[in-house]
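Below you'll find the structure, written out as structure tokens, and then a few comments.
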Amino acid sequence: MVNDTAIARSAEYWLRWSPSLAMTNIHVSVHDGCVTLTGEVSGDYQQVAAEATIRLIEGVSAIKNELRVRRRSPKPRSSGSEHFAQKHWTRISSLADLRNKIGTALSR
């Protein structure tokens, strides 16, 4: 039987090196083989990935997934024409600059 300290070390290692869990804030505690995950992740997929990662560790008898998913507030949407102007303004102004440069070069 694997002891709780070894399970905790292994869990922390695999959570830290899992590509889908990079830059997360997950804390691990273990009691009699039961792993409790607490902290905050940025998406539902990370909550599921953390539990799936822990399931693969030898000696884990149960998992309590108490991870919270950080929800972002939606950005206010602008009107369609305003959005178009914001998105394409730099391109439009760059095209005008390009046209001026070509005109100047051709007039030489």
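Keep in mind that the numbers below use all heavy atoms, side chains included, and drop hydrogens, waters and symmetry copies.
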Polar side-chain atom of Asp4 near backbone of Gly33 as donor-acceptor pair, under 3.5 Å: yes
From CA spacing to verdict: side-chain hydrogen bond (donor to acceptor under 3.5 Å, both in side chains), Glu40, Asn25: CA-CA 5 Å; Glu40 199 170 81; Asn25 188 20; over 6 Å; no
Reported OG1-to-CD distance for the pair Thr36 and Glu66, which is rounded to 0.5 angstrom: 5.5 Å
Atom pair CD1 (Ile57) and CD1 (Ile7), whose distance is rounded to the nearest 0.5 Å: 8.0 Å
Non-hydrogen side-chain atoms of Ile54 and Leu37 separated by less than 4.5 Å: yes
Single-linkage hydrophobic cluster Val28~Val69, side-chain heavy atoms < 4.5 angstrom: yes
Check: Gln47 main-chain N/O paired with Asn65 side-chain donor or acceptor under 3.5 Å: yes
Shared hydrophobic cluster for Val48 and Ile63 (ILVMFWY, side-chain gaps under 4.5 Å): no
Distance-minimising heavy-atom pair for Leu21 and Ala50: CD1-CA, 3.8 Å
Under-4.0 Å salt bridge between Arg55 and Glu51: yes
Between CD on residue Gln46 and OG1 on residue Thr53, distance to nearest 0.5 Å: 10.5 Å
Spacing of CG belonging to Leu56 relative to OG belonging to Ser10, to within rounding of 0.5 Å: 9.5 Å
Nearest atoms (heavy-atom pairs only) where Lys64 meets Cys34: CG-SG, 4.2 Å
Atom NE2 of His31: over 12 foreign heavy atoms under 6.0 Å: no
Single-linkage hydrophobic cluster, 4.5 Å side-chain cutoff, Val2 and Val35 together: yes
Over 12 foreign heavy atoms within 6.0 Å of CZ, Arg16: yes
Polar side-chain atom of Ser20 near backbone of Ala49 as donor-acceptor pair, under 3.5 Å: no
